[in-house]
Amino acid sequence: MRKPKVYVTREIPERGLKKIIERFDVEVWPEYGPPPKQIIIEKARNADALVTLLTDKIDAEVFNAAPRLKIIAQMAVGYDNIDIEEATKRGIYVTNTPGVLTETTADLTWALLMAIARRIAEADRYVREGKWKVAWHPMMLLGRDVYGATLGIIGAGRIGSAVARRAKGFNMRILYHDIVRRPDLEKEVGAEYVDLDTLLKESDFITIHVPLTKETYHMLNAEKLRLVKKTAYIVNTSRGAVIDEKALYEALKEGRIAGAALDVFEKEPISMDNPLLKLDNVVLTPHIGSASYETRSKMAEMTADNLIAFFEGRVPPNLVNPEVMKVRPLPVKDI
Ligand code: GLV
């Protein structure tokens with residue numbers, strides 16, 4: 001059997017890349033930024049597998065050019081960049097990297113929540129810009145208490161639940177909304193299940209942990225944002241397009257919402273003329289939810305393990321489209 005051909009769209013951490021290189025005929029896109037779509041199409045022509053990141057748009061155009069393509073191993077938990085329906089129809093397996101990044105992403109969510117509540121980024125700018133002229137003032141840089149406040153979690157999956165556990169340590173009232181109820185989470189941290197409108201009306205902090213789908217696109221639009229308390233903050237470490245960013249900007253600018261801490265945006269990287277950059281009541285980070293050395297290494301290894309399982313004829317441990325097994329049953333023969 002020849003070695004399967006794998007195209008890797010960026011240099012991923014050593015722990016995963018090494019495993020892939022040891023077993024397959026591999027080419028890696030060498031640049032820091034993502035390969036242009038045309039390059040992906042070209043490289044996919046002869047590839048049995050692609051290793052992708054969330055910045056690679058993988059759709060029918062890519063599949064049409066890739067008759068041998070059998071698996072896409074994505075190094076991310078989210079896979080809204082991949083047209084799963086098209087992949088499944090063509091017998092292309094798609095895998096992701098859930099679980100290993102849960103706590104790291106919950107940590108960042110918590111860091112952002114604390115940062116916006118206590119104005120950390122703004123205070124840092126204040127010191128650096130020489131605005132700190134009075135040693136201590138009773139009204140200087142006042143924020144809001146996190147301890148004992150009400151947290152609303154939209155999407156109580158793995159990451160949402162990990163955030164809820166952190167909130168328990170801060171003695172918070174925890175509300176959550178999801179398409180399914182989580183009696184286990186209710187029992188574990190005392191979370192209360194509420195509808196989305198109630199969550200938006202009652203929370204002091206709102207945090208989003210849903211995947212981006214047709215159903216969640218602009219889930220927080222202008223109308224929903226009007227329900228949020230004037231003193232409340234929104235944190236988003238999921239996908240930018242879950243919030244209507246223009247509507248959020250308007251609400252923040254007009255002081256209808258106290259602040260937002262955002263790791264994800266409708267367009268990434270953010271353009272320098274994005275008006276959010278001008279607001280002091282916003283904390284911005286560049287999509288770094290899972291960005292720890294440990295976690296990125298684990299994600300790369302998991303990506304490799306999914307590929308290896310597939311080419312050894314086993315069901316990849318993190319298959320996102322199991323219906324594909326009916327279209328192209330395992331083990332695959334045409335390599
Ligand atoms: C990051 O956003 C991921 O989906 O893993």
Side-chain angles (χ1 to χ4, degrees), residues 8-13 15-17 20 32-35 40 50-59 71-84 87 93-113 153-163 178 207-220 234-243 245 260-270 283-307 316-321:
V8 184
T9 66
R10 222 79 58 84
E11 195 169 319
I12 64 170
R15 198 151 117 197
L17 195 55
I20 297 173
Y32 189 79
I40 296 184
L50 294 177
V51 169
T52 56
L53 304 185
L54 54 91
T55 40
D56 306 315
K57 187 149 184 54
I58 309 294
D59 55 13
I71 178 167
I72 298 163
Q74 163 112 329
M75 192 185 114
V77 66
Y79 46 83
D80 48 280
N81 57 307
I82 303 171
D83 188 334
I84 300 295
Y93 286 59
V94 180
T95 64
N96 68 341
T97 61
V100 289
L101 47 70
T102 299
E103 301 301 338
T104 308
T105 307
D107 280 352
L108 184 83
T109 305
W110 208 257
L112 287 176
L113 189 151
I153 299 174
I154 303 176
R158 284 177 292 258
I159 299 171
S161 303
V163 170
D178 204 326
T207 184
I208 304 173
H209 302 286
V210 291
L212 176 61
T213 63
K214 280 196 230 54
E215 290 71 35
T216 63
Y217 177 82
H218 282 192
M219 185 181 193
L220 293 195
I234 296 179
V235 180
N236 190 9
T237 56
S238 64
R239 286 293 182 269
V242 175
I243 308 182
E245 207 171 275
L262 309 170
D263 185 49
V264 287
F265 303 88
E266 293 213 45
K267 177 176 165 283
E268 295 175 2
I270 196 169
V283 174
L284 310 156
T285 50
H287 203 149
I288 54 169
S290 64
S292 74
Y293 288 106
E294 300 88 339
T295 291
R296 288 285 163 83
S297 274
K298 286 184 204 155
M299 288 164 70
E301 184 167 31
M302 206 166 183
T303 306
D305 290 343
N306 280 317
L307 269 189
N318 311 105
L319 183 59
V320 305
N321 58 342

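Computed from a prediction, not measured in an experiment: that's the story for all the values here. First listed ligand is number 1; within each ligand, the first listed atom is number 1.
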At a 4.0 Å threshold, what atoms of ligand 1 neighbour a non-hydrogen atom of L101?
5 (O)
Numbering as shown, the atoms of ligand 1 that approach R239 to under 4.0 Å (heavy-atom distance)
1 (C), 2 (O), 3 (C), 4 (O)
Atoms in ligand 1 with a heavy atom of L54 nearer than 4.0 Å
1 (C), 2 (O), 3 (C)
Could you tell me which atoms of ligand 1, counted from 1 in the order shown, lie closer than 4.0 angstrom to a heavy atom of H287?
1 (C), 2 (O)
Any chance the side chains of T95 and N318 put a donor and an acceptor closer than 3.5 Å?
no
Verdict with supporting geometry, T55 and R10, side chain to side chain donor-acceptor pair (under 3.5 Å):
CA-CA 10 Å; T55 40; R10 222 79 58 84; 2.7 Å; yes
Before you tell me yes or no, could you show the steps for T237 and T109 under side chain to side chain donor-acceptor pair (under 3.5 Å), namely the whole-Å CA-CA distance, both residues' side-chain angles and the distance that decides it to 0.1 Å?
CA-CA 6 Å; T237 56; T109 305; 3.0 Å; yes
When you measure from the side chain of N306 to the backbone N and O of P316, does any donor-acceptor pair fall under 3.5 Å?
no
Could you tell me whether ligand 1 has any atom less than 4.0 Å away from a heavy atom of M75?
no
Around E268, counting heavy atoms of other residues, nucleotides and ligands shown, do more than 12 lie under 6.0 Å from its CD?
yes
re atom 5 (O) of ligand 1, the protein heavy-atom contact at minimum distance is V77 N, 2.8 Å
